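In the text below, chain A, chain B and the rest are named by the order of the sequence lines, each starting its count at 1. This one's a predicted model, so the numbers in the text were calculated from it and none came from an experiment.
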Amino acid sequence: MINITLPDGAVRQYDAGVTALDIAKSISEGLARKVLAAKVNGEVMDATRPITTDATLQLLTWTDTDGKSTMWHSSAHLMAEALEALYPGVKLGIGPAIENGFYYDIDLGGRTITEEDLRKVEAKMVELSKHNSIYSRKEVSKADALQYFTEKGDEYKLELINDLQDGTITFYTQGGFTDLCRGPHIPNTSFIKAIKLTNIAGAYWRGNEKNKMLTRIYGITFPNQKELDEYLTLIEEAKKRDHRKLGKELELFTFSEKVGLGLPMWLPKGALLRERLQRFLQEAQMATGYLPVVTPHIGNKNLYVTSGHYEKYGQDSFRPITTPEEGEEFMLKPMNCPHHCELYKASPKSYKDLPVRFAEFGTVYRYEQHGELHGLTRVRGFTQDDAHLFCRPDQVKEEFMKVIDLVLYVFNSLGFSNYTAQVSLRSKEDRSKYIGTDENWELAEKAIIESAAEKGLPTVVEYGEAAFYGPKLDFMVKDALGRKWQLGTIQVDYNLPERFELEYIGADNAKHRPVMIHRAPFGSLERFIAVLIEHCGGKFPLWLAPTQVKILPISDKSQEYAEKVAAQLKAADIRAEIDDRSEKIGKKIREAELAKIPYMLVLGEKEAADNLVAVRRQSKGDLGTMTMDQFKALVNEEVVNRKPFE
RNA sequence: GCUGUUGUAGCUCAGGGGUAGAGCACUUCCUUGGUAAGGAAGAGGUCGAGAGUUCAAUUCUCUUCAACAGCUCCA
């Protein structure tokens with residue numbers, strides 16, 4: 001007999017070799033029907049695997065993340081089975097579960113697959129799922145595994161098997177389909193009730209752009225149709241919040257093919273929003289000892305040779321600008337750090353001067369590959385809310401933590417609560433792409449890891465994500481469709497100070513090297529605003545709204561009063577516009593609602609007679625009448641407290 | 001950059017080998033209306049660009065440019 005400890009602490013006894021599914025059955029039949037997989041001693045495995053020793057057991061169902069991903073992984077196998085049935089000879093790459101659903105990379109040998117084909121594959125999957133095929137696990141020797149896929153003629157699987165250790169290889173079979181797979185899987189295909197293949201895309205084999213591009217089919221499955229419908233509705237809703245769509249509708253920004261790809265242009269309303277954000281951060285920075293600086297948009301090529309950026313990015317960047325004079329080359333500024341290093345050198349520094357904090361909203365230009373461009377989140381010209389802190393080694397941690405505070409202040413003020421803090425370190429394998437000594441890197445990595453830990457940030461560590469000159473702490477936020485974007489970033493850098501030979505005179509009257517901290521709480525104004533738009537669905541907090549109040553006279557008779565009210569609001573620093581068209585009040589309200597203007601003032605003869613305003617709140621409706629002073633106080637209170645728009 | 005999809009009026013989209021249509025927006029006129037669309041008339045497009053096939057191309061073919069999805073990349 002073995003002891004099985006359940007999540008509630010209860011211990012039950014079973015014969016050795018019992019399966020999680022058996023245990024579920026012993027608890028209740030209803031539970032057994034829902035079990036997708038099991039977590040045994042912390043490891044997720046098939047609910048049908050025998051358990052032979054004492055263990056802790058958690059039964060995984062659809063409500064568990066691991067339960068979902070097990071089902072989606074099994075769904076990928078089901079899709080592969082359907083694909084083999086419909087497209088004999090198809091070769092399979094990998095087919096994992098992802099955050100929302102699964103995909104399988106396939107090689108159709110020159111054939112293409114269309115959206116309509118996906119519907120056929122879906123239908124085949126539904127048909128196969130009804131066979132209630134069991135997912136059965138089998139351990140195989142490397143030789144047998146190689147033989148199986150050699151006969152099948154699937155070179156991708158052979159490549160995968162060659163990288164595996166003999167004795168660790170397992171196959172899973174359901175229906176007529178067998179795949180190389182570590183598992184785990186759901187007990188049988190009947191759990192998969194609702195299926196949607198969402199899209200087709202290309203993906204390089206093993207993520208390497210030198211390799212062949214396979215066809216990737218994405219899909220998602222659910223245990224019932226209702227949940228699938230809800231999911232699809234959610235996606236539709238999310239698309240309505242897309243910043244590219246809202247940016248156009250709310251007249252915030254635009255692009256022009258003639259101006260160039262990835263070069264956003266800000267329309268008046270968007271520019272106003274940008275300026276509000278800029279002023280907000282400037283004020284916070286002035287309060288914490290930053291000094292504003294301004295540097296030019298171009299820099300001599302030698303500046304970037306010194307910094308190392310030219311060697312690293314010169315070939316993949318905008319080409320240098322040449323002058324009529326021979327031999328002079330300038331580059332569009334792709335970052336502000338080298339300029340700031342030279343600013344630091346403008347005067348000798350004492351240890352008493354440090355830290356020096358140079359801040360600049362610096363517009364930079366980077367040649368991003370065509371296919372990477374994406375709305376405002378990935379562009380070729382953008383403005384960083386950049387600053388460089390030059391400090392003594394003993395000040396690094398304190399300064400770093402103050403920057404974390406500033407980033408969190410910015411995020412909190414805008415209601416960004418679901419970020420992840422990512423510690424981006426060097427790749428463990430390939431170190432050739434980084435500059436500087438191991439010693440400096442270790443110092444920098446240590447400073448970041450310790451600071452983040454002391455601030456209690458929930459962090460994830462990613463290797464290979466560091467900048468070439470130093471590690472980073474990145475604040476990642478998701479857009480409407482769940483794509484992750486890096487917003488705030490803080491980087492510790494021991495390398496550029498060395499390359500630029502930055503110095504300060506210490507208390508010992510000797511020269512020392514300062515440490516540099518790069519930081520940008522927004523990341524870039526463009527990307528930050530993109531994510532902000534998607535977060536609030538275009539309903540900006542009042543303090544940021546380009547137009548805060550729309551004044552809606554009921555008829556021409558109230559025009560004069562409307563203008564008087566507008567003048568008073570302007571004097572109170574409230575951004576208001578009058579809708580003086582000869583339209584009915586219902587239409588004016590509808591359009592102001594759709595434009596997501598926070599407040600509407602409906603003004604007719606009644607209001608004019610009593611010197612009042614009838615206030616309407618966007619998406620909330622009529623708030624009744626009040627005096628101008630009351631309305632101004634209402635607005636002011638909301639602005640000062642930076643209340644989020646509900 | 002790679003794979004796939006798309007490109008028709010300012011916007012959202014329909015159409016289709018015989019040189020184009022709707023709704024909204026826009027202009028003018030009527031209407032002066034009290035909390036999510038008042039009415040009428042008008043104007044607006046070399047159907048992304050180039051080449052080919054054809055008596056004839058916006059429609060078919062090829063090339064190219066751009067957008068979108070994903071991959072790769074991101075100082």
Closest listed nucleotide, where the reference is the side chain of [X] and the choices are [options]:
| X | options | result |
| --- | --- | --- |
| A:Asn199 | B:A69, B:A37, B:A75 | B:A69 |
| A:Arg244 | B:A75, B:C68, B:G33 | B:C68 |
| A:Arg527 | B:A37, B:C74, B:G33 | B:C74 |
| A:Ala614 | B:G34, B:C74, B:C26 | B:G34 |
| A:Ile585 | B:A66, B:A36, B:U35 | B:U35 |
| A:Ile589 | B:C73, B:A69, B:A36 | B:A36 |

Contacts of A:Thr383 that satisfy side-chain contact (heavy atoms from CB on, under 4.5 Å) - sequence neighbours left out |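 A:Thr383: side-chain contact (heavy atoms from CB on, under 4.5 Å) contacts with A:Arg274, A:Phe361, A:Thr363, A:Leu525, A:Glu526.
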Between [M] and [N] - [atom1] atom distance, rounded Å:
| N | M | atom1 | answer |
| --- | --- | --- | --- |
| B:C55 | B:A69 | C1' | 42 Å |
| B:A25 | B:C68 | C1' | 25 Å |
| B:U53 | B:C60 | C1' | 8 Å |
| B:A49 | B:U72 | C1' | 29 Å |
| B:A40 | B:A22 | P | 14 Å |
| B:G17 | B:C26 | P | 36 Å |
| B:C62 | B:C24 | C1' | 37 Å |
| B:U12 | B:G70 | C1' | 25 Å |

Rounded distance in Å - [atom1] ([X]) to [atom2] ([N]):
| X | N | atom1 | atom2 | result |
| --- | --- | --- | --- | --- |
| A:Glu462 | B:C73 | CD | P | 13 Å |
| A:Tyr561 | B:U32 | OH | C1' | 19 Å |
| A:Lys606 | B:U32 | NZ | P | 18 Å |
| A:Ile106 | B:G70 | CD1 | P | 18 Å |
| A:Arg378 | B:A69 | CZ | P | 14 Å |
| A:Leu373 | B:C74 | CG | C1' | 11 Å |
| A:Glu583 | B:U32 | CD | C1' | 12 Å |
| A:Tyr218 | B:C68 | OH | P | 17 Å |

OP1 or OP2 of [N] under 4.0 Å from side-chain N/O of [X]:
| X | N | result |
| --- | --- | --- |
| A:Arg366 | B:C74 | no |
| A:Arg483 | B:G70 | yes |
| A:His374 | B:A69 | yes |
| A:Lys587 | B:A25 | yes |

Okay, side chain of A:Glu593, backbone of A:Ser619: is any donor-acceptor separation there less than 3.5 Å?
-> yes
Could you tell me whether the side chain of A:Arg319 and the main chain of A:Gly314 form a donor-acceptor pair under 3.5 Å?
-> yes
Determine, stepwise, if the pair A:Phe475 / A:Phe528 fulfils ring pair (Phe, Tyr, Trp, His ring centres under 6.0 Å).
-> CA-CA 11 Å; A:Phe475 291 78; A:Phe528 191 84; over 10 Å; no
Describe, in one word, how the ring planes of [X] and [Y] are oriented to each other, choosing from parallel (under 30°), tilted (30 to 60°) and perpendicular (over 60°).
| X | Y | answer |
| --- | --- | --- |
| A:Phe358 | A:His340 | perpendicular |
| A:Phe253 | A:Phe255 | perpendicular |
| A:Phe468 | A:Tyr313 | perpendicular |
| A:Tyr156 | A:Trp205 | perpendicular |

Pair [X], [Y]: side-chain N/O donor-acceptor within cut-off below 3.5 Å:
| X | Y | value |
| --- | --- | --- |
| A:Lys333 | A:Thr295 | yes |
| A:Arg617 | A:Tyr599 | yes |
| A:His518 | A:Asp493 | yes |
| A:Tyr310 | A:Glu329 | no |
| A:Ser424 | A:Gln422 | yes |

For RNA chain B, the dot-bracket pattern of Watson-Crick and G-U pairs whose distances stay under 3.5 Å, | for other-strand partners = (((((((..((((....[..)))).(((((.......))))).....(((((..]....))))))))))))....
Please list, for nucleotides 1-11 of chain B, all pairs of protein and nucleotide N/O atoms separated by less than 3.5 Å.
unit_1	atom_1	unit_2	atom_2	d
B:G1	OP2	A:His370	ND1	3.1
B:G1	N9	A:Gln369	OE1	2.8
B:G1	N7	A:Gln369	OE1	3.4
B:G1	N7	A:Gly371	N	3.1
B:G1	N2	A:Tyr204	OH	2.4
B:C2	O4'	A:Tyr204	OH	3.3
B:U3	O2	A:Gly202	N	3.3

Could you pull out the protein-nucleic contacts involving nucleotides 39-42 of chain B (nitrogen or oxygen on both sides, under 3.5 Å)?
none

Please name the residue in the list A:Ile529, A:Asp479, A:Val477, A:Leu481 that meets the side-chain contact (heavy atoms from CB on, under 4.5 Å) test with A:Glu534.
-> A:Asp479
With a 4.0 Å cut-off, would you call A:Glu372 and A:Arg366 a salt bridge?
-> no
Contacts under 3.5 Å, N or O only, protein and nucleotides 27-30 of chain B:
none

5'-most contact on RNA chain B: A:Arg590 or A:Pro334, nearest heavy atom basis?
-> A:Arg590
Closest-nucleotide ordering on RNA chain B, the 5'-leading residue of A:Lys472 and A:Arg216 |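 The residue closer to the strand's 5' end, by nearest nucleotide, is A:Arg216.
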Under 4.0 Å between any heavy atoms, over every strand shown, what does [X] touch: base, sugar-phosphate, or nothing? Just pick one.
| X | result |
| --- | --- |
| A:Glu251 | nothing |
| A:Gly207 | sugar-phosphate |
| A:Glu249 | nothing |

Partners of A:Lys196 by salt bridge (Lys or Arg N to Asp or Glu O under 4.0 Å), sequence neighbours excluded?
->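 Partners of A:Lys196 under the salt bridge (Lys or Arg N to Asp or Glu O under 4.0 Å) test: none.
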With a cut-off of under 6.0 Å to the ring centre and 45° to the axis, is A:Arg380 in cation-pi contact with A:Tyr367?
-> yes
